[in-house]
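Report on the following structure.
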Amino acid sequence: MTPLSRSFYERGAEELARDLIGRTLVRCLPDGRVLRGRLVEVEAYVGMDDKACHAHHGKTARNATMFGPPGRTYVYLVYGMYHMLNLVCAEEGDPQAVLVRALEPVEPSLLGTSWRGPGVLCRELSIDRSHDGLDLCSGRGIWLESGTPADLSEIVATPRIGIDYAEEWKDAPLRFCLRGSAHVSGKRLS
DNA sequence: CAGCGGATGTGCT
DNA sequence: GCACATCCGCTGG
């Protein structure tokens with residue numbers, strides 16, 4: 001399989017987020033092992049106007065990759081101990097990204113392992129700040145493969161997690177989950 | 001199930 | 001200096 005191309009990421013975060021559900025995220029570890037997960041939960045951060053988006057307060061050293069070209073990772077540390085994996089999208093200068101919140105392990109050998117929750121997921125896939133700005137189209141380290149996109153009827157939209165400070169953006173339905181998946185974080189959605 | 005503390009980078013003062 | 005952060009596992013009721 002080959003990585004999805006740059007053009008896949010050249011659109012707004014909300015549209016991309018919906019299209020990500022069901023696709024495959026690939027993590028190639030330094031030791032050569034390859035981990036694959038099906039995206040079952042993501043959140044869209046839609047740019048400067050979005051009060052939950054890190055870019056809302058402008059460009060800083062931490063969020064700089066959000067302002068760069070699409071098709072790269074944006075990885076940051078939160079609460080002093082968890083890394084978050086985001087996929088930068090839209091056009092350069094328009095800081096939009098999709099947070100990867102949960103994956104369903106694909107490899108049979110990984111039966112029983114859980115990649116529920118953005119912090120746990122990065123820990124289990126050995127993703128940290130050193131991966132910030134990594135090119136998702138290079139086929140090295142982290143990339144996406146086509147997989148089988150979920151049918152629209154299989155996607156549930158809810159408010160995003162952990163952004164109570166975001167005022168009128170707090171309740172925007174920008175979190176997308178695979179309906180009924182046991183691998184989504186939090187309680188099961190019907 | 002609500003509440004809470006851990007551990008620290010980040011950005012503003 | 002300091003308040004806060006796209007979290008999560010554990011505690012007690």
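Lettering follows sequence order; numbering is per chain, from 1.
Note: NE2 (A:His57) to C1' (C:dC4) measures 11 Å, nearest angstrom. Note: CG (A:Leu99) to C1' (C:dC7) measures 11 Å, nearest angstrom. Rounded to an integer number of Å, the gap from A:Glu41 CD to C:dC7 C1' is 12 Å. A:Asn86 has its CG atom 14 Å from the C1' atom of C:dC7, to the nearest Å.
Stacking of A:Arg160 on the aromatic ring of A:Tyr45 is recorded, both the 6.0 Å distance cut-off and the 45° axial limit being met.
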Distance-only check: which donor-acceptor pairs under 3.5 Å involve side-chain atoms of residues 82-89 of chain A, not counting sequence neighbours?
| from | atom 1 | to | atom 2 | distance (Å) |
| --- | --- | --- | --- | --- |
| A:Asn86 | ND2 | A:Tyr74 | O | 3.2 |

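Across all strands, A:Arg160 comes closer than 4.0 Å to no nucleic acid atom at all (heavy-atom distances). Looking at heavy-atom distances under 4.0 Å, A:Leu77 makes contact with sugar-phosphate atoms alone, never a base. Note on A:Gly119: only backbone sugar-phosphate atoms sit closer than 4.0 angstrom, heavy atoms only; bases stay farther off. Residue A:Tyr45 is in base contact, counting any heavy-atom pair closer than 4.0 Å across all strands shown.
Between C:dA5, C:dC7, C:dG9, one nucleotide has an atom nearer to the side chain of A:Arg123 than all others, and that is C:dG9.
Taking both residues in full, the closest heavy atoms of A:Pro118 and A:Leu99 are given as CB-CD1, 4.3 Å, listed atom of the first, atom of the second, then distance.
For the residue pair A:Glu124/A:Thr113, the side-chain donor-acceptor check at 3.5 Å is not satisfied. When only modelled atom types and interatomic distance are considered, A:Glu145 and A:Trp143 share a side-chain donor-acceptor pair under 3.5 Å. Under 3.5 Å, the side chains of A:His131 and A:Arg72 contain no donor-acceptor pair of N or O atoms.
Side-chain nitrogen and oxygen atoms of A:Tyr82 include none within less than 4.0 Å of the OP1 or OP2 phosphate oxygen of C:dC7.
For A:Met81 and A:Arg129, each mapped to the nucleotide of DNA chain B holding its nearest heavy atom, the one lying further toward the 5' end belongs to A:Met81.
The number of heavy atoms from other shown groups lying within 6.0 Å of CZ (A:Arg140) does not exceed 12.
Pair assignment for C:dG9 gives B:dC4, based on Watson-Crick or G-U wobble hydrogen-bonding distances that are each under 3.5 Å.
Between chain A and DNA chain B, the heavy-atom contact criterion of under 4.0 Å yields a 5' to 3' nucleotide range of B:dG6 to B:dG11.
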